[in-house]
**Q** 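What follows is a structure written as structure tokens; I'll ask about it next.
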Amino acid sequence: MSFVDSVTSDGKVGTLALDPAEATRLIVDALRDQVGETLKRRGLVVGMSGGVDSSLCAALAVRALGPKRVFGLFMPEHDSDPTSLALATSLARQLEIESVVEDIAPTLEACGCYRRRDEAIRRLVPDFGDGWRCKIVLGGNRLDSDRLNVFQLVVESPDGNTRSVRLPAEEYRTIVASTNFKQRIRKMMEYYHADRFVKGGDGLADVKPIAHLYKCQVYQLAEYLGVPDAIVSRPSTTDTYSLPQSQEEFYFSVPMPAMDRILHAHNAGAGVEEAALSLGYASEQIERVYREIERKRATTRYLHLSPLLVEDVAEVSSGHSNRVA
């Protein structure tokens with residue numbers, strides 16, 4: 001596939017090319033140990049979106065534990081692309097795992113997800129209503145511009161006309177907060193089925209078997225493990241908004257192949273000049289993306305913190321509690 005080729009064909013960044021057999025072995029061994037020994041659980045519940053990330057996780061789970069100990073969960077809602085559900089259910093059949101569809105739209109409606117989002121959109125686009133579609137994007141390409149990141153709301157009317165408006169801070173926060181109901185309801189549903197399927201009782205836990213991989217490596221492993229080409233070749237999308245939205249549009253504003261290579265250089269400690277020379281970009285471009293990586297990590301670090309404690313509590317601390325001074 002061209003995405004992988006564009007990253008791995010350059011000998012200077014060849015370390016992004018995996019030995020798929022060895023990478024699979026390492027992840028499978030880790031999953032077996034984490035599930036059976038560390039967490040003392042009998043299996044895994046995998047939320048399957050029809051995208052390459054969750055599809056790879058499902059394939060790795062089956063390779064590690066066997067199909068009878070993996071449960072696939074599909075959680076569509078009003079804004080989901082129907083193709084996503086079709087691809088996910090097809091993969092579950094291929095993997096021979098038990099699965100179920102949980103339509104989360106009624107729960108989202110009860111939480112006011114759609115209503116709150118649409119009210120915010122209508123303050124900017126009064127005509128927005130039934131049959132309209134939307135997404136949030138960051139304009140431009142961080143490689144080519146150092147301008148201030150400004151989110152845009154893109155809407156499409158039922159007759160196909162598209163328009164874009166600048167998002168004020170209040171409307172942006174309301175739309176994002178409303179949309180975040182989707183991820184939280186899905187996680188709640190995963191935990192319900194984890195208790196029911198895995199019979200683990202209290203003490204829920206997550207495993208993240210591909211968090212250490214770059215996106216190009218996700219594609220390499222997916223191909224190696226036989227994830228269908230309909231999933232591997234499908235344009236990446238968050239499947240969160242009714243209009244297709246990529247992580248490139250919403251998060252880094254850098255094409256994913258370039259992002260992988262520059263992120264790898266940053267993580268390896270390469271300086272701006274060294275990375276520019278190795279990757280074939282101007283120093284100013286690398287510097288822009290490096291700054292963006294550091295800014296994004298700084299502003300999202302709190303999402304990865306443990307609960308904040310007034311004092312350390314040995315019984316609940318993991319050795320690195322975040323203490324309020």
Side-chain angles (χ1 to χ4, degrees), residues 1-18 51-53 134-154 162-173 175-177 179-180 210-220 235-241 243-305:
M1 136 170 222
S2 59
F3 181 86
V4 173
D5 292 342
S6 67
V7 177
T8 62
S9 62
D10 184 340
K12 297 178 182 178
V13 293
T15 51
L16 283 176
L18 288 173
V52 68
D53 291 341
C134 68
K135 66 177 176 180
I136 291 176
V137 302
L138 277 170
N141 184 331
R142 180 55 64 191
L143 283 169
D144 301 327
S145 172
D146 206 19
R147 69 182 184 181
L148 180 67
N149 276 338
V150 177
F151 281 99
Q152 301 283 323
L153 170 69
V154 179
T162 300
R163 58 181 293 198
S164 176
V165 297
R166 180 170 177 161
L167 261 178
E170 181 179 353
E171 282 70 27
Y172 167 78
R173 289 194 296 266
I175 293 170
V176 170
T179 303
N180 282 345
I210 63 172
H212 62 294
L213 299 178
Y214 293 86
K215 196 69 177 187
C216 66
Q217 296 173 333
V218 169
Y219 281 103
Q220 291 173 65
S236 180
T237 176
T238 61
D239 209 21
T240 298
Y241 293 90
L243 281 174
Q245 178 208 50
S246 67
Q247 286 290 349
E248 177 181 319
E249 287 181 303
F250 183 68
Y251 200 64
F252 276 117
S253 295
V254 176
M256 191 59 72
M259 190 69 239
D260 258 10
R261 301 168 73 195
I262 298 172
L263 181 61
H264 177 257
H266 183 278
N267 290 345
V272 169
E273 297 299 331
E274 179 186 356
L277 181 63
S278 176
L279 300 176
Y281 292 106
S283 298
E284 313 88 78
Q285 293 178 303
I286 299 295
E287 189 172 7
R288 288 189 198 111
V289 180
Y290 271 22
R291 283 202 304 268
E292 190 71 2
I293 291 169
E294 290 157 8
R295 189 180 72 83
K296 287 288 196 299
R297 285 178 170 172
T299 57
T300 60
R301 187 166 290 118
Y302 77 97
L303 296 172
H304 307 285
L305 296 178

**Q** How long is the span from the CD atom in Gln245 to the OG1 atom in Thr237, to the nearest 0.5 Å?
**A**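 The OG1 atom of Thr237 is 7.0 Å from CD of Gln245, to the nearest 0.5 Å.
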**Q** Scan side-chain atoms only and decide if His266 and Glu294 contain a donor-acceptor pair under the 3.5 Å cut-off.
**A** yes
**Q** Listed by chain and number, what are the side chain to side chain contact (heavy atoms under 4.5 Å, CB included) partners of Ser236, not counting sequence neighbours?
**A**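 Scan of Ser236 (side chain to side chain contact (heavy atoms under 4.5 Å, CB included), adjacent residues dropped) gives Lys215, Tyr219.
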**Q** So do the side chains of Thr240 and Lys135 get within less than 4.5 Å of each other, counting heavy atoms only?
**A** no
**Q** Is there a side-chain contact between Tyr241 and Ile175, using heavy atoms and a 4.5 Å cut-off?
**A**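 The answer is yes; the side chains approach within 4.5 Å.
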**Q** Are Thr179 and Ile136 packed together at the side-chain level, in the sense that at least one heavy-atom pair is separated by less than 4.5 angstrom?
**A**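 No - every pair of side-chain heavy atoms lies 4.5 Å or more apart.
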**Q** Could you report the tightest heavy-atom contact between Val154 and Leu243, atom names first, then the distance?
**A** O-CD1, 3.8 Å
**Q** Which heavy-atom pair separates Leu153 from Cys134 by the least distance, and what is that distance?
**A**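 In this case the closest contact between Leu153 and Cys134 is CD1-CB, 4.3 Å.
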**Q** Below 4.5 Å, heavy atoms only, C-beta onward: do Tyr214 and Asn267 meet side chain to side chain?
**A**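 The answer is yes, as the side chains (C-beta and beyond) meet within the 4.5 Å cut-off.
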**Q** Test salt bridge (Lys or Arg N to Asp or Glu O under 4.0 Å) on Glu284 and Arg288 and set out the steps.
**A** CA-CA 6 Å; Glu284 313 88 78; Arg288 288 189 198 111; 5.6 Å; no
**Q** Nearest heavy-atom pair of Ser283 and Val272: which atoms, and what distance?
**A** O-CG1, 3.4 Å
**Q** With distance as the sole test, does Glu274 use its side chain to make a donor-acceptor pair with the main-chain N or O of Ala265 at under 3.5 Å?
**A**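 No; judged by distance alone, with no hydrogens or angles, the pair does not exist.
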**Q** What is the distance from atom CD of Gln285 to atom CD1 of Ile262, rounded to the nearest 0.5 Å?
**A**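 Going from the CD atom of Gln285 to the CD1 atom of Ile262 covers 7.5 Å.
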**Q** Main chain of Arg295, side chain of Thr299: is a donor-acceptor contact present, judged purely on distance under 3.5 Å?
**A** yes
**Q** Rounded to the nearest 0.5 Å, how far apart are CZ of Arg173 and CD of Glu171?
**A** 9.0 Å
**Q** CD/Glu273 to CD1/Ile286 distance, rounded to the nearest 0.5 angstrom?
**A**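 Reported value, rounded in 0.5 Å steps: 10.0 Å.
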**Q** Please determine whether side chain to side chain contact (heavy atoms under 4.5 Å, CB included) holds for the pair Phe151 and Val137, giving the CA-CA distance in whole Å, both sets of side-chain angles, and the decisive distance to 0.1 Å.
**A** CA-CA 6 Å; Phe151 281 99; Val137 302; over 6 Å; no
**Q** Using every non-hydrogen atom in the two residues, find where Ala275 and Tyr290 come nearest and quote the distance to one decimal.
**A** CB-OH, 3.5 Å
